[in-house]
There are 2 protein chains.
Amino acid sequence: MQALVHVTLKKTVLDPQGRAITAALNNLGHAGVAGVRQGKFFEIELADGVDPAAARDQVERIAREVLANPVIEEFTVDLQP
Amino acid sequence: MQALVHVTLKKTVLDPQGRAITAALNNLGHAGVAGVRQGKFFEIELADGVDPAAARDQVERIAREVLANPVIEEFTVDLQP
């Protein structure tokens, strides 16, 4: 079973990296790009035979405690069979 | 219109960051985690009124030329209305 965790800066937090990418793309001629926000994602491979509900709890704990900084970031968890 | 671009290391490329996260999670007691691979993702906000087919072409060019290193990375593009 695989879990996908996406970690992004909260919408209210300034993303200077995304601003820089937006400016670079506009300078390169991609005028249609209005904004970019960058995030991280993690493909977590779980051992076989894990209960899906327990797996979701575990991955959410991992995301909250290890992968994301809950002060400035938010995350989503998708479980894939 | 928004485009999501996911950039990951190719499966054949070693991901030391993912290895480190896997080891850290196992040390923290998450024994069910068999492996982690980390990637980047980008939410690209496109100007309104862009033709979807042209938008996909443009975002794929952006991903190939700017966001990903095609020697070691691969990318996927999802367009969202």
Does any heavy atom of chain A fall under 4.5 Å from the side chain of [X], the backbone, both, or neither of them?
X: Val5(B); result: neither
X: Thr22(B); result: neither
X: Leu25(B); result: side chain
X: Val66(B); result: side chain

Of Arg64(A), Lys40(A), Lys11(A), which meets salt bridge (Lys or Arg N to Asp or Glu O under 4.0 Å) against Glu73(A)? Lys40(A)
I want to check something: taking the side chain as every heavy atom from C-beta on, are Leu9(A) and Leu14(A) in contact at a cut-off of under 4.5 Å? no
Considering only heavy atoms from C-beta outward, does the side chain of Val7(A) approach that of Phe42(A) to under 4.5 Å?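 Touching, per the 4.5 Å side-chain cut-off.
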Spacing of Glu43(B) atom CD and Gln38(A) atom CD [to the nearest 0.5 Å]: 10.5 Å
dist Thr76(A):OG1 -> Phe41(A):CZ (nearest 0.5 Å) comes out at 11.0 Å
Between Gly35(B), Ala47(B), Ala24(B), which residue shows the highest count of heavy-atom pairs closer than 4.5 Å to chain A? Gly35(B)
